[in-house]
Amino acid sequence: MKEDSNISFADKVYALCKKIPKGRVSTYKDIGNALGGYGQVYRAVGVALNRNSHAPIVPCHRVVNSNGNVGGFAHGTKNKIKLLKAEGIQVVNGKIKEFKKVFFIITTSK
DNA sequence: ACCATGACGCACA
DNA sequence: ATGTGCGCCATGG
């Protein structure tokens, strides 16, 4: 049944983003995978975050691409990099340094 | 109900 | 290694 009928897909994305600890980053694919598990949900994840009006509430800037690229940002990719660096994450040429190292494995299973 | 868009990912050349 | 094209889901008009 629809256990999540009360919340939208985007809402789940925001919840996971908030679970990301400071100094760590996650990928759209991993988030989507952690949510549904269809495999290509990361598309909807990007759309959800793009519309994310909870910007300051949700650390969406901690979400990056699976290839280590910072990806995009509604306020500007450049600004996103700046925020990541402020978190202690090293970014070089728009790419996450030690990506695997700062990568945080999201878990829906409490 | 249908069409178009989007902060991605991967396969292929 | 780099560049281009295609496909997927969910949301909005």
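If you're wondering where the values come from, they're calculated on a predicted model, not measured in any experiment. A note on names: the letters A, B, ... follow the listed sequences, proteins ahead of strands, and every chain is numbered from 1. Both backbone and side-chain heavy atoms feed into the values below; hydrogens, waters and symmetry mates do not.
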When you measure from the side chain of Arg62(A) to the backbone of Ile20(A), do you find a donor-acceptor pair of N or O atoms at a distance under 3.5 Å?
yes
Using whole Å, what does the distance between atom C1' of nucleotide dT11(C) and atom NZ of Lys12(A) come to?
14 Å
Separation of Leu35(A) atom CG from dC8(C) atom P, in whole Å?
20 Å
Roughly how many Å is it from CG in Asn69(A) to C1' in dA1(C), rounded to a whole number?
15 Å
For the NZ atom of Lys101(A) and the CD atom of Gln90(A), what is their distance to the nearest 0.5 Å?
8.5 Å
Taking CG from Leu49(A) and P from dT5(B), how many angstroms apart are they, rounded to a whole number?
21 Å
Just the rounded figure in Å: distance from P of dG6(B) to CZ of Phe73(A).
18 Å
Taking only the side-chain heavy atoms of Ala44(A) (C-beta and beyond), determine which of dA10(C), dC10(B), dA7(B) contains the nearest atom.
dA10(C)
So, OP1 or OP2 of dA7(B): does either fall under 4.0 Å of a side-chain N or O from Thr77(A)?
no
Would you say the side chain of Leu49(A) lies within less than 4.5 Å of the side chain of Cys17(A), judging by non-hydrogen atoms?
yes
Which nucleotide in the list dT11(C), dG9(B), dA7(B) gets nearest to the side chain of Val47(A)?
dT11(C)
Would you mind telling me which residue lines up with the more 5' stretch of DNA chain C, Phe9(A) or Tyr42(A), judged by nearest nucleotide?
Tyr42(A)
How long is the line joining NZ of Lys95(A) and C1' of dA7(B), in whole Å?
15 Å
Of dA10(C), dA7(B), dT11(C), the nucleotide closest to the side chain of Ser8(A) is dT11(C)
Grab the CG-P distance between Asn33(A) and dG9(B) for me, whole Å please.
12 Å
Roughly how far apart are Phe9(A) CZ and Leu35(A) CG, rounded to 0.5 Å?
5.0 Å
Checking side-chain contact (heavy atoms from CB on, under 4.5 Å) against Val91(A), which of Leu83(A), Val25(A), Ile96(A) comes through?
Ile96(A)
Find the distance Asn50(A):CG to dT5(B):C1' and express it as a whole number of Å.
10 Å
It should be established whether Asn65(A) places a side-chain nitrogen or oxygen under 4.0 Å from OP1 or OP2 of nucleotide dG9(B).
yes
